[in-house]
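Step one of this worksheet: look at the structure below.
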Amino acid sequence: MLSDFIKALRSSNVTVSTAESIDANKVLATVGIENKLLLKHALSMALAKGIDDKKIFNKCFDLFFDQNMRLDETKDHDRQLSVESEDEHTKAADVLNSLEGETLLSILESDDQIALQQLLAAAVQDVQLQNIRIFTQRGVYMRRILEKIGIDTVDERLYTPTDNDDAEKSDFETLKNLKASLIEDVANIVDKNLLLYTANGANNLRQEILQKTPLARIEVRDFKVMKQLVSKLAKKLTSIHSRRRRKAKRGYLDVRQTIRKNIQYDGIMFDTIWKRVQIDRPKVIAICDVSGSVSQVARFLLLFLYSVSEIIPKVRSFAFSNVLGEVTELFENNSAEVALAETIKKWGSGSTDYGGALSELERVVGHEIDHRTTVLILGDARSNYGDPGHLALRRIHNRAKKVIWLNPEPRSFWDTGDSEMQKLGACCDRVEPCRTLNHLERIISDIARTAA
Amino acid sequence: MPKLSKLSSEEVINSAKKELEGHGYIASDEIATALYLAQALIKPILIEGPPGVGKTELAIATSKLLGKPLIRLQCYEGLDESKALYEWKYGKQLLYTQVLKEKLSDILEDAGDLSQAVDKLHAFDDVFFSEDFVEPRPLLKALWEKNGAVLLIDEIDKSDQEFEAFLLEILQDYQISIPEIGTVRAKVPPVVFLTSNNTREIGDALKRRCLHLYIPFPEHKLEQKIIRTQMPDVPQSLSKQIVNFVQSLRGMDLKKLPSISETLDWTRALVLLNATELEPHLVRSTLNLLLKFQDDIEHTNPEVPTLIRNAIKDS
């Protein structure tokens, strides 16, 4: 029973390790199951180790033990009926067998609620309802449970013609009603289990697929999930890289200075001097093509850059299609959605002009680009057969630490038509296709590693 | 707390609650359950919750309850093992070498040759790095305590990640390795409390080894009971009004919500000012005891009359 509960917890995204489930078993053995509230408190201490986890735990617990407590009440009853056996599964079978004498029909007719619950519980265990995965399986499991408890005997009785007498008819009516409510009961049980064991299954699957979907093809309705994903990734990267920086702060022993300083103590190394590592404040200049074809990808790149601003403290962002404009302030002062919409509205209408944009960039921030600056360019390099601006980019490259070009098109599309990837790519340190969130994560992680 | 005997766990928990109350700590069911489980399973408790809800107090009350000494380790950034676990008594060791130097000729007098002398000297190494020269810090003290102790590792979230990893051995097996001496193991495992204000996420490895207790802001009744226990002479009507007022404050959008310790401070102040019920000017002048940010105080000031009216109406 406990292992089923832990399974339910895990499916709701509470991480429960093996050690913790062993603890939970010990807890269960110590407090027993007589007092539900006590059990809830005790188990939550062993299994849910965070505020968010606790909330999920409480929900799961109520859902799970609401139905299982009812089963337990009937279990006391069945102890007299069936011999206790180690394996729960055979126990379930036992109950089914022991009840075989009384058919579902007789149970329904005698209105024996305890026997009915018992029968249902045994059937649920027998069909292994906890393995339910997706909502389309609802029908299958309902049917299986109904078959297990012997709905056919009821059907038989209902559909065999008998003599038309009134008493019999009213009997039929009650039986029909009983059957309907029974089916409803079963449906409820199945629904509850579905909710319990698959709370996050669908969501997880969706996120997993979204990570691999080309950014340009993500639908508007998925933006919300996407935003969560992006900030999740950003958080992950931040925690990885912030740790590294803290470590670097301490520095290493400066032997020369230490010896010098300790002359006053007769040369005993008493006062150590640490050479602090200069913290390199990386600067990132991001330029996004926001014309129609790549605006989707730019949207996520910009979102991402702002989410990771904790690891990369200085980001200046520019957007262009035919004219170049700085969007740094816009992003700082507005929420991400507003800023994104505004950017695309303001700069995304023209046709792309790489030559103009790159030379404009050189004019505006050229003097700021130095050996600590990473220039990040996102675009498909399609310049409408105009000047690709590779000469300007070459000059930028000469000054910058690194120039990285991210192209949302797959490699096989480069240099086809008006794509100038070859010319522009030659002026970059790295050229990467950036089509999915996974790509994006890898690239940003790389930048953070080399920059921070 | 009574020994775990034939009493059912419920009874033990209830009696623990009562006894804690006797020591001035009003525990909720969850807190009492956590204490009971920690004793039954011999596991540390990791307590989380907003500041001022009585995380540290719980450890103090427990130590009184069990009659075991409380050993407290306050965590901060840069805390390392020489401050948490043990240190060598350098001064004493130096003194010892001086003494040894003087006695050296006496000891080595009858040594025939060099190798014999070296053998004799070898016997002294062990004394040099022995328990006599160890200065125990909180963690080691807790392990050495013969009848067990209550170990409070306060604000673990303030310490470095490395220190967290270092704690794992103690929390799991109640033992610690000192290279020169060997493994020190607790005869009676101490009751360990770790507290965290959640300024950073605690590592999974540490969480796994602990029972996790979250203490939220107290409910209405519990908070009143706490006030009554701490200050029995506060009039009933006033304490009700105070609790109503504070509870509705917690519903507002504030930078830092007032917790129990603030409620108690405020009550004390009101009693000192001979208040019998809440009045706007009185509340305004003492609001800084409840709210610790100027923004919050300014934000709350215009609402004070309404809040007081509601608090009096409900009581």
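First the proteins, then the strands, lettered A, B, ... as listed; each starts at 1.
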- Message: Which atoms of A/T30 are under 4.5 Å from chain B, going by heavy atoms: the side chain, the backbone, both sets, or neither?
- Response: both

- Counting only heavy atoms closer than 4.5 Å, note whether A/A29 contacts chain B via side chain, backbone, both or neither. neither

Please check if atom [atom1] in [X] has more than 12 non-hydrogen atoms from other residues, nucleotides or ligands closer than 6.0 Å.
X: A/K261; atom1: NZ; answer: no
X: B/K89; atom1: NZ; answer: yes
X: A/R260; atom1: CZ; answer: no
X: B/Q93; atom1: CD; answer: yes
X: A/K55; atom1: NZ; answer: no

- Query: Given the rule in the side chain to side chain contact (heavy atoms under 4.5 Å, CB included) test, do A/V27 and B/L41 qualify, once you have shown the distances and angles that lead to the verdict?
  - Reply: CA-CA 8 Å; A/V27 167; B/L41 304 179; 3.5 Å; yes

- Query: Do B/E48 and A/K49 have side-chain heavy atoms sitting under 4.5 Å apart?
  - Reply: no

Separation between [atom1] of [X] and [atom2] of [Y], rounded to the nearest 0.5 Å:
X: A/T15; Y: B/R208; atom1: OG1; atom2: CZ; result: 12.0 Å
X: A/K40; Y: B/T33; atom1: NZ; atom2: OG1; result: 12.5 Å
X: A/M45; Y: B/I31; atom1: CE; atom2: CD1; result: 8.5 Å
X: A/L37; Y: B/D29; atom1: CG; atom2: CG; result: 6.0 Å

- Grab the two heavy atoms, one from B/H212 and one from A/A48, that are nearest each other, plus how far apart they are. ND1-O, 3.6 Å

- Task: Please report the shortest heavy-atom distance between A/H41 and B/E30, naming the atom on each side.
- Result: ND1-CG, 3.0 Å

- So what's closer than 4.5 Å to chain A heavy atoms on B/I202: side chain, backbone, both or neither? neither

- Bottom line for B/L37: the part with an atom under 4.5 Å from chain A's heavy atoms is side chain

- Short side-chain to backbone donor-acceptor contact, B/K207 and A/G50, under 3.5 Å: no

